[in-house]
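Structure record follows, encoded as structure tokens.
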Amino acid sequence: MGLLIGKQIILGVTGSIAAYKAAELTRLLGKSGAHIRVTMTQGAQAFVTPMTFQALSGNPVHTALLDEQAEAGMGHIELARWADTVVVAPASANFLARLAHGMADDLLSTLCLTTDAPIMVAPAMNQQMWHNHQTRININHLTQSGIAVMGPASGEQACGSIGPGRMLEPEELLSIIGNSFSRHTLSGLKVMVTAGATREAIDIARYISNRSSGKMGFALATAAREAGAEVTLIAGPVSLNTPEGVSRINIETAEQMGQAVLNQIASQDILIGSAAVADYVPASPYKGKIKKTHDNLTIELSAGIDIMQEVGQLHNKPFTVGFAAETENIDAHAQDKMRRKNMDMIAANNVGLSDRGFEADENAIDVYWDDGRKTLPLASKDKIARQLVALIGDRYRMTVSRHSGNQRPAT
Ligand code: PMT
């Protein structure tokens, strides 16, 4: 299942005879390309050893809330932040009750309280426990809190009784977990993403460029594709593979990126500008290679095309989302850029910090629109991209409905 490739999943295993099936689920998730970290409650360890999950997931198993070693490496806060999804399978009646009541008395329950990732639970218990009035209340409460309850299945149980309470089979869980990453919020829409740096020739051997690796833009193209959009990626010279199902156009200069965008912009619903486009380009690139004949060399630069600004001025412009690479007065500069370039949204990142922004695998952004803002805290660029794409989907639909029936909101 392609949707699981690279996804970061925490598998919580609680005390139930179905814990042995979680081992198979771990194997299937890993085979599907997901990265898995397993946390086990004390009850779970009475049924299966952590060693089994360590071998199947390829990572140490987390069992204790206050574990000096884990806190120095990946403690509960890091685990909660790392996760794209938390899956609890099997989820015992006791664990579901503690989750429903917001308990934080072991690693798994604390992690569930700390994470902003979606939580999915696969109940496993005796059918009488499943039918119990208090369990019904707990399950209703969890569902209303946005927690996905997978199953349970009905049938013969380990205790000999027959009825609902069996954990779903690992293959069924795998399919539900995979599909949860495919929320088709951008179905039927055309999304263009710009990514990476541009290169501006000084002479035939040298150029001016910047540190953009394209990671943020490629993650956005992947997330938009997963959300059901038809995606065109206009990429600068970066060494990244084209995301599955995405059309890619390679460019080198800001001018070429601008042309590639403008050529197809009339058919696009959304433009996401995450590329780091050169603001200034050599005024007259030297035709050959500049010889070292003087102590000083002055290269005259002139302002190049501003792609987002040009698109912002189009009469029937698509919904536009820019990025602001800032180091100070981030709020003010980002909002000013959004207004100047007539963008519908802007995602500001602090590129003065080494753990985010240019080249890093993680990012943190503050997203602004006309009457709101949202902070997406430090996380992998894949996760930030999925969160931002979900937000763009919401804002896009709101803008379209404001312009009732007009598919291209001429904002
Ligand atoms: O590629 P990575 O290594 O993953 O790094 C990601 C990133 C830091 C490059 C990315 O998150 C980011 O911040 N991209 C925007 C970089 C930038 O050029 O920011 P800006 O504040 O200078 O530009 C504002 C907006 O105008 C951007 O949407 C930009 O694409 C656009 N722009 C800028 C200049 C220009 N000449 N034309 C433009 O369209």
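Throughout, numbering of the chain's residues begins at 1 and tracks the sequence. Just follow the structure's listing: the first ligand is 1, and inside any ligand the first atom is 1.
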If you measure every N/O of [X] against every N/O of ligand 1, is any gap under 3.5 Å?
X: Ala324; result: no
X: Ala276; result: no
X: Ala360; result: no

Which residue and non-hydrogen atom of the protein lie closest to [atom], and at what distance in Å?
atom: atom 14 (N) of ligand 1; answer: Ser274 O, 2.9 Å
atom: atom 38 (C) of ligand 1; answer: Asp306 OD1, 3.4 Å
atom: atom 22 (O) of ligand 1; answer: Lys337 NZ, 4.0 Å
atom: atom 39 (O) of ligand 1; answer: Met308 N, 2.9 Å
atom: atom 37 (N) of ligand 1; answer: Ile307 N, 3.2 Å
atom: atom 19 (O) of ligand 1; answer: Ala325 N, 3.4 Å
atom: atom 1 (O) of ligand 1; answer: Ser212 OG, 2.6 Å
atom: atom 23 (O) of ligand 1; answer: Phe323 O, 3.6 Å

Indicate whether the side chain of [X] and that of [Y] have a donor and an acceptor atom separated by less than 3.5 Å.
X: Tyr368; Y: Asp331; value: yes
X: Arg248; Y: Thr242; value: yes
X: Glu300; Y: Thr298; value: no
X: Thr375; Y: Asp366; value: yes

Check: Quick one: are Gln259 and Asn263 in side-chain contact, heavy atoms under 4.5 Å?
Finding: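 In short, these two side chains touch, coming nearer than 4.5 Å.
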Next item on the list: Check whether any side-chain heavy atom of Leu220 sits under 4.5 Å from a side-chain heavy atom of Phe323, and report yes or no.
Entry: yes
Contact with ligand 1 for [X], non-hydrogen, under 4.0 angstrom:
X: Lys381; result: yes
X: Gly258; result: no
X: Gly196; result: no
X: Ile305; result: yes
X: Asp279; result: yes
X: Ala275; result: yes
X: Ala254; result: no

Note to self: Just verifying a value: how many Å separate Leu297 CG and Ile299 CD1, rounded to the nearest 0.5 Å?
What the structure shows: 5.0 Å
Next item on the list: Quick one: pull up CG in Leu111 and CH2 in Trp82 and give me the separation to the nearest 0.5 Å.
Entry: 10.5 Å
Item checked: Asp306 vs Lys337, salt bridge (charged side-chain N to carboxylate O under 4.0 Å, His left out): CA-CA, chis, key distance, verdict -> CA-CA 12 Å; Asp306 192 314; Lys337 271 181 194 166; over 6 Å; no
Next item on the list: Ignoring hydrogens, just give me the one of Met216, Glu326, Lys341 whose non-hydrogen atom is nearest atom 32 (N) of ligand 1.
Entry: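 It is Lys341 that holds the nearest heavy atom.
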Checklist line | The one among Asn349, Val238, Val351 that brings a heavy atom closest to atom 10 (C) of ligand 1 | finding: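 Closest candidate by heavy-atom distance is Asn349.
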Next item on the list: Could you tell me whether Asp371 atom CG has more than 12 heavy atoms of other residues or ligands within 6.0 Å of it?
Entry: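 Atom CG in Asp371 is packed in, count exceeds 12.
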Next item on the list: Please indicate whether Asn241 has more than 12 foreign heavy atoms, meaning atoms of other residues, nucleotides or ligands, lying under 6.0 Å from its CG.
Entry: no
Item checked: Residue part near ligand 1, for Ala347, under 4.0 Å between non-hydrogen atoms ->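 Near ligand 1, Ala347 shows nothing, with every heavy atom at 4.0 Å or more.
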Checklist line | Gly273: numbered ligand 1 atoms lying under 4.0 Å from its heavy atoms | finding: 27 (C), 28 (O), 30 (O)
Next item on the list: Give the atoms of ligand 1, by number and element, whose distance to some non-hydrogen atom of Gly322 is under 4.0 Å.
Entry: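 So the atoms of ligand 1 that pass are 28 (O).
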Margin query: Check whether Trp130 forms a cation-pi arrangement with Arg166 (NZ or CZ under 6.0 Å from the six-membered ring centre, at most 45° off the ring normal).
Written below: no
Notebook entry, point to check: Asp336 and side-chain hydrogen bond (donor to acceptor under 3.5 Å, both in side chains): which partner among Arg340, Arg339, His333?
Noted result: Arg340
Note to self: Show, in sequence, the C-alpha distance, side-chain angles and deciding distance for Asn140 and Thr143, and conclude whether the side-chain hydrogen bond (donor to acceptor under 3.5 Å, both in side chains) test is met.
What the structure shows: CA-CA 5 Å; Asn140 276 340; Thr143 313; 5.2 Å; no
